[in-house]
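Next up is a structure, given as structure tokens.
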Amino acid sequence: MNRRDQPIGVFDSGIGGLTVVSALRELLPNERIQYLGDTARVPYGGKSAATVERYSLEITCMLLEQNCKAIVVACNTASALALTMLERTIAVPVVGVIRPGAEAAVAATRNRHIGVIGTRATIRSGAYERAIRALDSAVQVSARACPLFVPLIEEGWLEGEITDRVVRQYLQPLVEDGIDTLVLGCTHYPLLRNAIGKFLGNSVRLVDSAENCARAVSHLLRQENLQANPGTKGELAVALTDPPDVFLEVARNALRLEMGEVVLRPLVPSK
Ligand code: DGL
């Protein structure tokens, strides 16, 4: 098969990476996408760097077995902790969500004070601060882990009184710090965009790592001459390492994604 016709492999710790897939489908409708969600081991957000690296490599190898021409790490935690290792280890191009998000945030801020929210592991890693400061060392970063957002989203509580209170509890200190831009540094968080936008109002711009990652993938495919032929009908195949739960329906409905039957690809125990 011509390399350009091979699929793009996209992975996340679970289902949240479908926000990146949705952005990819919109921007690159001719591409075939093979999505693999590690639902057997989600969440990655509270795990150690060594564990997230190991999981990320195992999932990437499963995608490479399907001849993927590029790998998209559609998980902020895996991008923060495992991207460098993946770039060094595998033979196809890899795109993560952190650098594109940092670039968009630096382009968006006016007062050079950016907020970043994500899982504990992402925030602890300091990956966003490093990426932002590498682009503009004068930018101030206020970072905050929001560990309750993922379970709220997975429960489908995308709006409502409880969600509003949790949003306020986590984001009020960032507003008081004076941020004018907020990076949604977790693949689940675009699903909370309405609730977050309602709390922050128009004075804080939201940077969605999903959309910016899709733009970075598009750029990479052009650069490497790997774009699918324009006549190709793109499609999405979704596989999970454990059978789906209610969150698949939440994400599918919120993102209006068309996908065939979800396939189960159990992890093979390492020797
Ligand atoms: N996908 C993860 C991220 O973007 C969130 C869920 C998890 O903790 O695994 O950081």
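For ligands, and for the atoms within them, numbers begin at 1 and follow the listed sequence.
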**Prompt:** Counting only heavy atoms, which portion of T119 has something under 4.0 Å from ligand 1: side chain, backbone, both, or neither?
**Reply:**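 The answer is the side chain of T119.
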**Asked** Quick one: does Q34's side chain get under 4.5 Å of V10's, heavy atoms only?
**Response**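 A side-chain contact is absent here, since even the closest heavy-atom pair is not under 4.5 Å.
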**Request:** Please determine if S13 has a nitrogen or oxygen closer than 3.5 Å to a nitrogen or oxygen of ligand 1.
**Result:**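 N/O-N/O distance below 3.5 Å exists for this pair.
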**Request:** Examine ligand 1 and decide if any of its atoms is less than 4.0 Å from a heavy atom belonging to C186.
**Result:**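 So C186 counts as touching ligand 1.
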**Asked** Do D5 and R32 meet the salt-bridge criterion of a basic N to acidic O distance under 4.0 Å?
**Response**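 The answer is no: the pair does not qualify as a salt bridge.
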**Message:** Tell me the protein heavy atom at minimum distance from atom 10 (O) of ligand 1, and give that distance in Å.
**Reply:**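 For atom 10 (O) of ligand 1, the nearest protein heavy atom comes out as T77 OG1, 2.6 Å.
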**Prompt:** With respect to atom 8 (O) of ligand 1, which of G45, A78, S79, A121 exhibits the smallest heavy-atom separation?
**Reply:**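 Selected option, by shortest heavy-atom distance: G45.
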**Ring geometry between Y189 and F149 (parallel below 30°, tilted from 30 to 60°, perpendicular above 60°)** =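 Because their plane-to-plane angle is over 60°, the rings of F149 and Y189 count as perpendicular.
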**Request:** Decide, yes or no, whether a salt bridge links D180 with R205 under the criterion of side-chain N to carboxylate O below 4.0 Å.
**Result:**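 Looking at D180 and R205, the cut-off is not met.
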**Item:** Numbered atoms of ligand 1 (with element) below 4.0 Å of T187, judged on heavy atoms
**Value:**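 Result: 1 (N), 2 (C), 3 (C), 4 (O).
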**Prompt:** Side chains of R222 and S218: do they bring a donor and an acceptor to under 3.5 Å?
**Reply:**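 Yes.
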**ligand 1-proximal atoms of D12, by part, heavy-atom distance under 4.0 Å** =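 Near ligand 1, D12 shows its side chain, while the N, CA, C and O stay back.
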**Message:** Using a 4.0 Å cut-off to any heavy atom of Y44, which atoms of ligand 1 qualify?
**Reply:**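 Under 4.0 Å from Y44, ligand 1 has these atoms: 7 (C), 8 (O), 9 (O).
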**Request:** Output yes when E31 and K69 qualify as a salt bridge under the 4.0 Å nitrogen-oxygen rule, no when they do not.
**Result:**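 Yes, E31 and K69 are salt-bridged.
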